[in-house]
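In what follows, a single structure is set out as structure tokens and then discussed.
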8 protein chains.
Amino acid sequence: MALVYVICGSKSDLEYGKECIRMLDRLGVDSQIFVASAHRSPETVDEIVEKGEKEGVGVFIALAGFAAHLPGVIASKTIIPVIGVPINSSPLLGIDALLSIVQMPGGVPCAGVGIGKSGAQNGAILAGEILALQDSKVRQKLQELRLEQKETIKKANEELIK
Amino acid sequence: MALVYVICGSKSDLEYGKECIRMLDRLGVDSQIFVASAHRSPETVDEIVEKGEKEGVGVFIALAGFAAHLPGVIASKTIIPVIGVPINSSPLLGIDALLSIVQMPGGVPCAGVGIGKSGAQNGAILAGEILALQDSKVRQKLQELRLEQKETIKKANEELIK
Amino acid sequence: MALVYVICGSKSDLEYGKECIRMLDRLGVDSQIFVASAHRSPETVDEIVEKGEKEGVGVFIALAGFAAHLPGVIASKTIIPVIGVPINSSPLLGIDALLSIVQMPGGVPCAGVGIGKSGAQNGAILAGEILALQDSKVRQKLQELRLEQKETIKKANEELIK
Amino acid sequence: MALVYVICGSKSDLEYGKECIRMLDRLGVDSQIFVASAHRSPETVDEIVEKGEKEGVGVFIALAGFAAHLPGVIASKTIIPVIGVPINSSPLLGIDALLSIVQMPGGVPCAGVGIGKSGAQNGAILAGEILALQDSKVRQKLQELRLEQKETIKKANEELIK
Amino acid sequence: MALVYVICGSKSDLEYGKECIRMLDRLGVDSQIFVASAHRSPETVDEIVEKGEKEGVGVFIALAGFAAHLPGVIASKTIIPVIGVPINSSPLLGIDALLSIVQMPGGVPCAGVGIGKSGAQNGAILAGEILALQDSKVRQKLQELRLEQKETIKKANEELIK
Amino acid sequence: MALVYVICGSKSDLEYGKECIRMLDRLGVDSQIFVASAHRSPETVDEIVEKGEKEGVGVFIALAGFAAHLPGVIASKTIIPVIGVPINSSPLLGIDALLSIVQMPGGVPCAGVGIGKSGAQNGAILAGEILALQDSKVRQKLQELRLEQKETIKKANEELIK
Amino acid sequence: MALVYVICGSKSDLEYGKECIRMLDRLGVDSQIFVASAHRSPETVDEIVEKGEKEGVGVFIALAGFAAHLPGVIASKTIIPVIGVPINSSPLLGIDALLSIVQMPGGVPCAGVGIGKSGAQNGAILAGEILALQDSKVRQKLQELRLEQKETIKKANEELIK
Amino acid sequence: MALVYVICGSKSDLEYGKECIRMLDRLGVDSQIFVASAHRSPETVDEIVEKGEKEGVGVFIALAGFAAHLPGVIASKTIIPVIGVPINSSPLLGIDALLSIVQMPGGVPCAGVGIGKSGAQNGAILAGEILALQDSKVRQKLQELRLEQKETIKKANEELIK
């Protein structure tokens, strides 16, 4: 049973969506990936949101480039938390997608993370943090991830000293 | 019978929407004004678009600030031309709204005009130009408007010479 | 008989202009392509606009990079709708061209679409939407295009489930 | 028992922090407000995070302007979700704070919302959405808030028709 | 006989145009001021350029806000040097006007100066420097202006020491 | 005898400086090229300016990237017109160099042109236009250049029709 | 005997320069304030730098708006550390001054701090930190300043609890 | 005994950190390089700062990309001068890192230098300038570096004349 739905605004965003999936797997969080465009297939977006609500999804992660409306459109249909990952697929380096995601009007929030690959990873970790509030296994995995990050840096320093 | 629907993303955008209405009146184009938020009232947006399609509206003008999804959301539901007017209501001077409007992904276009008051006027004139393709009265009004603009500048120069 | 004139600001913009032509062909809209610079050949621009007006063109699409004056200069000579496509040919990613197109002063509008290739496609579709108001064949083609877009996404999801 | 800690980066951000508190109150979520600077009082930040972890806080909301490190610094100390609200207190309109919040490196996420007042409201609602996953009362309040938003727009339209 | 034509893109730019005139007067350079819009009155622009060419004008100064096409449109009609002064009259602080002026395509240059009041002064001084190449009186006035600037700063320092 | 001094802020800017030289050659304008950094070799800048003043140079063209102070520093030492060409050699696409050139304080102007290669060409043409005020040969060359530009576009259109 | 020279690029920057002086006084650092423009009075800049070098100044703080060349020009004349404070006096919010200060080419550094008032304070504290390396009294004052900052925040929290 | 600590925010920033080391070597300044992330390993940052304070380090240089909090976090723990080098490792060209470094709130300064490689060199030279205040050998090396820079440009000019 998927706890996170990862929705990509276009097929070209799939590589970033899969980055989310990899991180969610690492955190032991079941997830499912979709492609759905807020503009080209709004009905599919509606169907995915409804399906997610029925199945008890805890977080929606939506990735999109250009005028990235997808996260906001999902947020307008549900009160389940929505995380938006801006993708730098347009010539404007992703600043267009970032502003389209975070600058939501008061009343309907989106949780914006960074642009591109590291944003996709962070979107997945943020979803994990939200789910970890009621799932001690995910909490433990998150703590392990933090420790691994510290270890990586420790090793890098040891190599530098040599 | 309204030929143009002017839809404001929030009540605070109404002053700009009325700027559109004033210009459409001047061009002899019947119009109707609405408030509807892509995020806070997506069903109202759907209803307005459906109503517009039934009544044979020729152009939708949508005005919005912040992450201005309204024009794009309308465009995703209809093949009637949609004009988006970015409003500078957020701290970012309207650049957020501008990018959210013009940077639509390939397949579902929005016609973006300038930010704020002059954008609202131009949105209305652009709507007039589209309708004028099949309405000689609007065409004539547009030509008169152009002549008035030339006259205003002519007079300004005459005053400068004095 | 061409219903849309596609005008490229320089030879290097031709690849984007041809993107417009391809989409207009798909929509069953006759079009003609030109090269004309607002700055280097203003007389050619004038001639093309006059020719277009005589031949009953319904929309001008103008593509340009850098300080993209071409759409605005065309708009200053006609009340036929003008669509401007900003091209990212300068070092500034197309933000210079975008602002030069949309930020027209009140009174003479340009319809701005996105930067680069997807903007070129959307410029053509927007032209199609304008012409479809009086042409049921184009209207049908636009609806087919929308359906194809939905199908593409449906198939992408089916592949993801496998 | 507070479920959300609202931490302001400086005394001048308090008005925005209180905007969060008002919204959390409306959602029936207990919260507590603090002032703590990532740079001027890092120890206070540490103490608040530790206290929050002990007391079982579900979400940290951190508001800051300029180079808004506060949300990221909190996120580096806990795996409880952290929401960052960029404040436009520097001359750069809040774009500095926004980038300092969302552009976190891969591994340690912050949930960014919009700049200023509407961002503060949305930060609180997002916190509510996260808590609502395990609290049906908050879920109900969120749904009521959505309905009120729809009502406000409905009324605005009725007034426009008159 | 005017040696510099100062052309304002709209009546609201006149205050900046008069800043140019004041500085040109101080340099002993005869000038004449006009209002002419590249978009609303392109014929007036043509007439002014032709008149200027006939009367032996040495420099055109064009001031405009928004998508400031005026300087570029003048430059496309003459090989007399054109100075463009971007005015911050749109919500975008004048960055739109600046890019519309300097980012001219290769072949037809505009000389861009700073945004707003100090840009207007500098546009006039630059015109003076160009004319001074063949006019020793203007050269002398420019040198006096430089000396005055030095004196002003000298006095400011003397006051600070007191 | 050189009439234009082309000064590059660093060796890496030489390719753009040579673009200037090629265009000046084409206009029949004698020129000389230098490397001098406003920061690393301010004395060399002083020497070049003094030499230029003695030899009766008509225009200085200064090309620089990053915080491009070179044109402004030259302008502070002479009343001969200075043209600044911003080079996109830093990660910021040349916007840093552009603002460092045009945003001069009131009293000491620089003539800014576009970023990079087309800016280098336009800097040279602008220098030609300034010198042409007193040199009919350059004036003729400039008119020929304009005609060639028109011819190039004419031919491009003829090829498109085929 | 002044250990820090505070140099303002124009009289309008004096209020920010005095902010530096106030902070330096608080740190027990003797300082002297000047007005000198890199462009309008380069000789005065040279004199101040020479005087500072003779008198054994430890840090130059230079404040400037627009294309803020002053810090870089000072840095080109000395190897004494130069701190640049960008002032938001132009329409571009100080981003022009910031880039003109930090984006120095490799070889001649400037130490950039924040834009405007808080930048002016931080410039002074940074100067204090540099001098504190060899002056234990300043070191102590800096530590007291840090403690005061912590106290201010502690008190703010105590008030919030009441 | 290291006088400068060079701290890289991630392993991918090491190439820039080594650029600092090379320049510090050239200036005869002993230094040590570390990897430590403000977010992923805040304890390592604390340890490095404490170690540096004990060993009498004179300057911390911190290099980081994205939301570059590292320099600010170090500055919050010490009154030893901290130089921040923004790295362009995110899609936003380093403007995110630059603003995260320089826009520190009043009270805790960071010395920002340019983005990327030349910034890394300048960070090292600035550190050298600070240490040179009490170390005549470093002072001499800095003066030699300046002379070499002048020589390089002199030679480049001699080659151009040939």
Side-chain angles (χ1 to χ4, degrees), chain F residues 7-13 35-46 49-50 60 62-79 82 84 86-112 115, chain G residues 7-13 35-46 49-50 60 62-79 82 84 86-112 115:
Chain F
I7 311 168
C8 301
S10 88
K11 281 179 73 171
S12 64
D13 300 328
V35 177
S37 162
H39 302 116
R40 285 170 293 190
S41 61
E43 305 81 2
T44 309
V45 176
D46 288 2
V49 175
E50 278 173 41
F60 290 103
L63 306 94
F66 289 81
H69 298 200
L70 183 61
V73 165
I74 296 174
S76 75
K77 314 264 172 171
T78 183
I79 57 167
V82 179
I87 302 300
N88 48 327
S89 45
S90 91
L92 294 183
L93 310 172
I95 198 79
D96 44 0
L98 173 60
L99 297 180
S100 295
I101 287 171
V102 295
Q103 284 293 83
M104 293 286 286
V108 183
C110 261
I115 298 166
Chain G
I7 311 168
C8 301
S10 87
K11 281 179 75 171
S12 64
D13 300 327
V35 178
S37 163
H39 301 117
R40 284 168 294 188
S41 61
E43 305 82 4
T44 309
V45 176
D46 288 1
V49 175
E50 279 172 39
F60 290 103
L63 306 94
F66 291 81
H69 297 201
L70 182 62
V73 164
I74 296 174
S76 76
K77 314 264 171 170
T78 183
I79 58 167
V82 179
I87 302 300
N88 49 327
S89 45
S90 90
L92 294 183
L93 309 172
I95 198 78
D96 44 0
L98 173 61
L99 297 180
S100 295
I101 286 171
V102 295
Q103 285 293 82
M104 293 285 286
V108 183
C110 261
I115 298 166

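So you know, we letter chains A, B, ... as the sequences are listed, proteins then strands, and number each from 1.
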- Task: Tell me, for F:A68 versus chain G, whether the close heavy atoms (under 4.5 Å) come from the side chain, the backbone, both or neither.
- Result: backbone

- With a 4.5 angstrom heavy-atom cut-off, which part of F:A75 approaches chain G: side chain, backbone, both or neither?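 Neither part; nothing is under 4.5 Å.
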
- Query: Which of the residues F:S89, F:G107, F:P105 is involved in the greatest number of heavy-atom pairs with chain G at under 4.5 angstrom?
  - Reply: F:P105

- G:D96 side, atom CG; F:I101 side, atom CD1 - distance, nearest 0.5 Å: 13.0 Å

- Output for pair (F:S76 OG, G:E43 CD), nearest 0.5 Å, gives 8.0 Å

- Item | Any donor-acceptor pair under 3.5 Å from G:H69 side chain to F:S100 backbone |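 Present.
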
- Heavy atoms only: give me the nearest F:L92-G:Q103 pair and the separation to one decimal.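 Looking at all heavy atoms of both residues, the shortest contact is CD1-NE2, 3.6 Å.
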
